[in-house]
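Just so we're clear, the structure is a prediction, and the values are computed from it rather than from any experiment. Letters A, B, ... are given to chains in the order of the sequence lines, protein chains preceding strands, and every chain is numbered from 1.
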Number of protein chains: 2
Amino acid sequence: MVLHKASQPLKVASDSAETPQSSRHGQIALKSSDNPNLVSYKSAGTGTLGKALEVLDIIAMSAVPLRFTDILKVVDQPRGTLHRQLSNLIEEGLVLANPDGTYDPGLRLMKLAAKAWSKNSFRTIAEPHFRKLHEATGETVHLGVLNGLEVIYVDKIESNQTVRMHSQLGNASPLYCTGIGKAMLALLERDDCAERAEKFNYVKHTETTLHTPQLLLAEIEQIRAAGVSHDREEHEVGIRCVSAGIGGEASSTIAGVSVTAPAYRITEDTILKWESLVFETARAIERDMAVSMGPRSQQ
Amino acid sequence: MVLHKASQPLKVASDSAETPQSSRHGQIALKSSDNPNLVSYKSAGTGTLGKALEVLDIIAMSAVPLRFTDILKVVDQPRGTLHRQLSNLIEEGLVLANPDGTYDPGLRLMKLAAKAWSKNSFRTIAEPHFRKLHEATGETVHLGVLNGLEVIYVDKIESNQTVRMHSQLGNASPLYCTGIGKAMLALLERDDCAERAEKFNYVKHTETTLHTPQLLLAEIEQIRAAGVSHDREEHEVGIRCVSAGIGGEASSTIAGVSVTAPAYRITEDTILKWESLVFETARAIERDMAVSMGPRSQQ
DNA sequence: ATTAGAAGTTCCATTATTTGGAACTCCATT
DNA sequence: AATGGAGTTCCAAATAATGGAACTTCTAAT
């Protein structure tokens, strides 16, 4: 099907797939989605597993706890089938059945995720640099990785300890309106980038949100040149951030770091200082990544 | 929210199951495991899903990154089968294929877990009381829930900000050597408790670890009477903790809160103060739980 | 109370997926 | 260039999932 090269990892034949992406060096393509506010994977590809996860996603992504019938309305499945799928998910600990007849994502997910987090080699390598960035700026810093049309935050250090620290770990945000998101887009091949730009479900969160592919792509060009990106209250009023992408040539993961702070607290000087700090942090992480993966570890 | 009575959630007929447990009021039984150091679910129950999760668990629980063959040696499956299962897991984003041919748990787990965490109604309800406990003691506090033979920590506030806060969220510890674990055991029916006591894979972490069912059960009796439990450097030298269980009659979840600190810093007076604080916190959480679930919400 | 009808659960012949063995392709070593 | 280890593909046979319909609750309305 495709030409093998190294003892590369599994290559999935994306049979009837819809949106292949990040086809760089034989890496597995993630599934994307239509991304409304709540992104849910559009599975139905991977047989039984995919169907089970579709149900799990519905339960996890819903804003309110769902009952059997609520789920039934969303998944296109006969009652009997859904019932068994839920039973299986519950038995596996992936879904929790509340006493009031609603369903919630289960504890086992947290357990698995804790491992995913602590084992994630990108995060581990990035951590010291990331922390140094926090110390240098004294502000909140984020570390996120690219996943389809969104950023997933894998680490965060708060400036203000009254806010819960882990509140956002694992959370996903759209790429088009976040500093890290735009910085990561700028690292993609232009085609890929443009393709994704078309797919967003743009929501104009604030006055300055880049809410069309054109606006977004124009800015991406600037970011490409500058090496850093800005979030000028594009996602939330009063919040600004400076960010740099990580990955480029060498790495198989595309990621980004950012410094965030309330707009009122930031001067132009601060911004400039952050630009170089953030940029240097990204470069440092890239260097460590390259080392840890060996000089040439992709095809 | 609603006070349905018996529009009870799914009840799983644990067909050929091995270790049913917590059979209290029709709640779904979680699967247990043999619990060495790293607990991994012993699935193989729920058809295809279970098998897929078995592979995922192996990948997640391993201390070192595994290659295809490493996994193959552990799962009792033919190569072709494992290969397809991995493909599916990768395609679903549950497993990440590293460029060097090893596999790691995937990002989608973090995304799901983030939702599981923020939606967890127990944690949400417990939070204010939990936070108050931290403020009253100034020390590290934990919130954990019972899952088979282990505690899963669902919240934590550190006293000492130099340590990473979220580093333990979602992590699991054995019941027999943790304050919360013992407090939770004390809430179970005696039979259930004794049954679990037999199943632990006791490791004598320190001098004071209760490393036999007898020692453990004897202490549980005391805890039952006292209403609070102690960890007297049983898990880690130099670390003590005071804890109280949450759940008892009303609730369907069994959980616990604890205050932890270095032994050298704690006086007997402190311990006494913590005992009542922790006890009161547990009671307050129970009250709020009862309210939110309606007066009598299980069959 | 009684009843209509949601909401949830079970059953089982049909259908679709998964299985497992073996053959095949690479790659790294000797 | 030859061996063996590692990963991949294929397909008939075995197994598990499907989906419709019948059956139980429970809920709200008469």
Side-chain angles (χ1 to χ4, degrees), chain A residues 1-16 26 28 43-55 65-73 75-92 97-103 294 296-299, chain B residues 2-16 26 28 43-55 65-73 75-92 95 97-103 294 296-299:
Chain A
M1 188 149 278
V2 205
L3 40 139
H4 318 282
K5 266 267 179 83
S7 67
Q8 68 221 128
L10 276 182
K11 201 170 316 147
V12 172
S14 64
D15 31 14
S16 66
I28 275 55
S43 297
T46 343
T48 313
L49 216 208
K51 290 168 208 155
L53 284 175
E54 199 185 334
V55 174
L66 301 175
R67 288 196 313 288
F68 184 91
T69 316
D70 302 325
I71 302 172
L72 187 63
K73 270 178 254 171
V75 260
D76 188 26
Q77 302 243 22
R79 294 216 298 294
T81 300
L82 175 61
H83 188 263
R84 184 180 28 72
Q85 287 174 336
L86 274 172
S87 301
N88 291 342
L89 287 168
I90 290 167
E91 192 171 357
E92 290 296 342
N98 301 318
D100 67 354
T102 61
Y103 298 96
R296 36 97 222 85
S297 49
Q298 73 278 9
Q299 37 155 197
Chain B
V2 203
L3 41 138
H4 304 296
K5 192 147 166 223
S7 62
Q8 65 220 124
L10 277 181
K11 204 167 314 153
V12 172
S14 65
D15 31 16
S16 65
I28 275 55
S43 298
T46 342
T48 313
L49 215 208
K51 290 167 207 155
L53 284 175
E54 198 185 334
V55 175
L66 301 176
R67 289 198 313 290
F68 184 91
T69 318
D70 302 324
I71 302 171
L72 187 62
K73 270 177 254 170
V75 260
D76 187 29
Q77 301 242 22
R79 295 217 298 294
T81 300
L82 176 61
H83 187 262
R84 185 179 29 73
Q85 287 174 337
L86 273 172
S87 302
N88 291 341
L89 286 168
I90 291 167
E91 194 172 355
E92 290 297 341
V95 164
N98 301 319
D100 66 356
T102 61
Y103 299 94
R296 33 102 220 75
S297 49
Q298 71 280 10
Q299 27 162 209

Query - Upstream residue (5' side of DNA chain C) when A:L49 and A:G80 are each assigned their closest nucleotide - result: A:G80
Rounded interatomic separation in angstrom, taking [atom1] from [X] and [atom2] from [N]:
{"X": "B:L66", "N": "D:dA6", "atom1": "CG", "atom2": "C1'", "value": "15 Å"}
{"X": "A:L72", "N": "C:dA6", "atom1": "CG", "atom2": "P", "value": "14 Å"}
{"X": "B:E91", "N": "C:dT18", "atom1": "CD", "atom2": "P", "value": "11 Å"}
{"X": "B:D76", "N": "C:dG21", "atom1": "CG", "atom2": "P", "value": "10 Å"}
{"X": "B:R84", "N": "C:dT19", "atom1": "CZ", "atom2": "C1'", "value": "7 Å"}
{"X": "A:H83", "N": "D:dA22", "atom1": "NE2", "atom2": "P", "value": "19 Å"}

Residue [X], side-chain atoms from C-beta onward, closest of [options]:
{"X": "B:R67", "options": "C:dT9, C:dG20, D:dA6", "value": "D:dA6"}
{"X": "A:T81", "options": "C:dG20, D:dT8, D:dT18", "value": "D:dT18"}
{"X": "B:F68", "options": "D:dT18, D:dG7, C:dA7", "value": "D:dG7"}
{"X": "A:Q77", "options": "D:dT18, D:dA6, D:dT9", "value": "D:dT18"}

Report summary line: Residues A:L89 and A:A52: closest non-hydrogen pair is CD1-O, 3.8 Å
Query raised in the report: If only atom types and distance count, is the side chain of B:N98 paired as donor or acceptor with the main-chain N or O of B:D100 below 3.5 Å?
Result: no
Protein-nucleotides 14-16 of chain D N/O pairs closer than 3.5 Å?
residue : atom : partner : partner atom : Å
D:dA16  : O3'  : B:T48   : OG1          : 3.4

Report task. Answer yes or no: side-chain N or O of B:R79 and base N or O of C:dG21 forming a donor-acceptor pair under 3.5 Å. Result -> no
